[in-house]
Amino acid sequence: MDFSIKACDWSKAADKALIGGKTDCIVVGVFDGQALSGAALQIDRASKGVLSRLVKTGELEGKAGTTVTLREVPGIGAARVLVVGLGRHDEFSPKAYTEATRAALRALQGTHAGDALWTLAQVAPVPGRDGAWAVRTAVQLACDAAYRFTQMKSKPEPVRGALRKLVLSVAADDLQAARVALKRGLAIGRGMDLARDLANLPGNVCTPTHLANTARKLARELKLKAEILGQKQIAALKMGSFLSVAKGSTEPPQFIVLKYEGGPAKAAPIVLVGKGITFDSGGISLKPGEAMDEMKYDMCGAASVLGTMRAVAEMGLKLNVIGVVPTCENMPSGNANKPGDIVTSMSGQTIEILNTDAEGRLILCDALTYVERFRPAAVVDVATLTGACIIALGHVNSGLFSKSDALADQLLEAGRNAGDTAWRLPVEDEYQEQLKSNFADVANIGGRPAGSVTAACFLARFAGKYEWAHLDIAGTAWKSGAAKGATGRPVPLLTQFLMDREGR
Ligand code: BES
Ligand code: MN
Ligand code: ZN
């Protein structure tokens, strides 16, 4: 989709150029129980009261999330007017703004308008946020709403009247900031698109090799450096835990390192580590058949790291970021891990594999050891790690684990800011008890109680040398059911976190 910014002053009564401008649809907002203002007021004046008459009859209430589409409104250039309810003005909030924006985008798609003038980003200040936030959020949500995954259809279904162009109006004073915000919203949108495409691709297409090739392609297209380690190099690094998972599959494993050097050469990088299991059958501890197809999504951590790297490079953030992705399949075979097998991780710690389905932590632990070499300012790993996280937090929040309050707070705030929230859960050493093994240094499962916490505690044993946080995205990275598909989360959270770190 094409976006642009336009300075508009809706307080200038009946500015002919504004109100007469040709567009398929003009999108305006009205508050519940408040007089018309801004673009809505100007349309009302130009049309000799079309909107105020609807307010009088109660057809235009301004209730949050409601939309009314009007056609052939006299006196204006737009073919349609989409009026969006913003709720009560005294209750206006980032959430109300986001919900109104989503509702408007949904309604706009229903109108089959090819282009639209979008005035909602300037309708009123959003409490606690600036104008740039309003623009960036609108662009991010518009990209989100426009996303389609059709690559695997032999004949992509024809899209009738899809929105191709969105012009966002802002106050003249906000023009410069809005242009930057547009660029950033688009970068986040494209990062999410990449993450979603990779995730939605089936396991037979999105293999570890495909992820590695995607990283190479990103490096060619943007200011990034890709280094891909194959089986031999992974073995030379003594990543015995990662390799033990990979050896059950005929697909060769890959270890992807993608570097973005936007900051001073000496500045410590932020490292993002993403779980890249391109299919998780459970291995010998085979999963039940129901919805097993969804385990193609077990590389959503990896996809979100690649998507975030894309966004950061496109924004040109002034900091150093390294994306690291251990990737392989988890399959049952004659070469696969067996329950009871003991492997030696790169850190030297031995691990008793009591359940081969707890494989994510087995590949992540070696990646967490590997990244010590970067002397990172912080490490955030991202993984569809535990079904237990879905039980704990559902599909609303990602699970956040960190021993560092400062890092946890930064990530939580970034999530709120980007509309991609996380909720903190503990990683206290008290839970390490559950990971005791009779035969090795540690077991790879901790029993049913607090399954997400013990998974995080397992990872913590390998992340002691730097500031670290872990995001469990099992409940947030994709949707099941009729709307099955990847969400692109947590690309917005991670990108916002890095944008915030740039300013420190
Ligand atoms: N990839 C799964 C976690 C998962 C399951 C994410 C369902 C989303 C939906 C992970 O590898 C796994 O299988 N975890 C096990 C751990 C258990 C064996 C301790 C789980 O959650 O059941
Ligand atoms: Mn598993
Ligand atoms: Zn898994």
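With N320 contributing its side chain and A267 its backbone, the two residues share a donor-acceptor pair below 3.5 Å. The main-chain N or O of G446 is found under 3.5 Å from a side-chain atom of Q434 such that the two form a donor-acceptor pair. In this structure, the side chain of N444 engages the main chain of L354 through a donor-acceptor pair within 3.5 Å. Within the 3.5 Å criterion, the main-chain N or O of K153 finds no donor-acceptor partner in the side chain of T150. Distance alone, capped at 3.5 Å, is enough to place a donor-acceptor pair between the T454 side chain and the G451 backbone. The backbone N or O of F242 lies less than 3.5 Å from a partner atom in the side chain of D366, making a donor-acceptor pair. Within the 3.5 Å criterion, the main-chain N or O of F279 finds no donor-acceptor partner in the side chain of N330. No donor-acceptor distance shorter than 3.5 angstrom exists from the side chain of H470 to the backbone of F401, with no hydrogens or angles considered. Side-chain atoms of W423 never come within 3.5 Å of backbone atoms of V396 as a donor-acceptor pair (strictly under, hydrogens ignored).
Looking only at side-chain heavy atoms (C-beta outward), L393 and S398 stay at 4.5 Å or farther from each other. The shortest distance between side-chain heavy atoms of S4 and L168 does not fall below 4.5 Å. Put simply, the side chain of V321 reaches to within 4.5 Å of the side chain of L272, judged on heavy atoms. In this structure, the side chains of M499 and L494 stay at 4.5 Å or more apart for every pair of heavy atoms. Proximity of V343 to N337: side-chain heavy atoms (C-beta onward) are separated by under 4.5 Å at one or more points. Under the 4.5 Å side-chain criterion, counting only non-hydrogen atoms from C-beta, L306 is in contact with L211. Between M309 and L224, some side-chain heavy-atom pair lies under the 4.5 Å cut-off. Residues M315 and T495 have side chains in contact (heavy-atom distance under 4.5 Å, counting atoms from C-beta outward).
Salt bridge absent: D193 and R148 never bring a charged side-chain N and a carboxylate O closer than 4.0 Å. A salt bridge links D144 to R102: one of the charged nitrogens lies within less than 4.0 Å of a carboxylate oxygen. Salt-bridge annotation for D293 and K484: present, with a side-chain N of the basic residue lying under 4.0 Å from a carboxylate O of the acidic one. Using a 4.0 Å cut-off between a side-chain N of Lys or Arg and a carboxylate O of Asp or Glu, D357 and K287 qualify as a salt bridge. Comment: K338 engages D341 in a salt bridge, judged by a side-chain N to carboxylate O separation of less than 4.0 angstrom. At a threshold of 4.0 Å, the pair E502-R184 counts as salt-bridged, since one of the basic side-chain nitrogens sits closer than that to a carboxylate oxygen. Contact check on K275 versus D381 returns no salt bridge, with no Lys/Arg side-chain nitrogen under 4.0 Å from an Asp/Glu carboxylate oxygen.
Note: Y370 and F255 meet the aromatic proximity criterion, with ring centroids under 6.0 Å apart.
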Stepwise side-chain contact (heavy atoms from CB on, under 4.5 Å) test for R190 and R310
CA-CA 8 Å; R190 292 204 184 107; R310 195 204 146 107; 3.8 Å; yes
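Each of N200, T487, T278, T384 was scored for a side-chain hydrogen bond (donor to acceptor under 3.5 Å, both in side chains) with Y297, with one residue passing: N200. Each of V273, I234, L243 was compared with P326 under the side-chain contact (heavy atoms from CB on, under 4.5 Å) criterion, and only V273 meets it.
For S285 and T356, the side-chain atoms include at least one donor-acceptor pair closer than 3.5 Å. There is no side-chain donor-acceptor pair under 3.5 Å between Q109 and R106. Checked by atom type, the side-chain pair S404/S402 shows no donor-acceptor distance below 3.5 Å.
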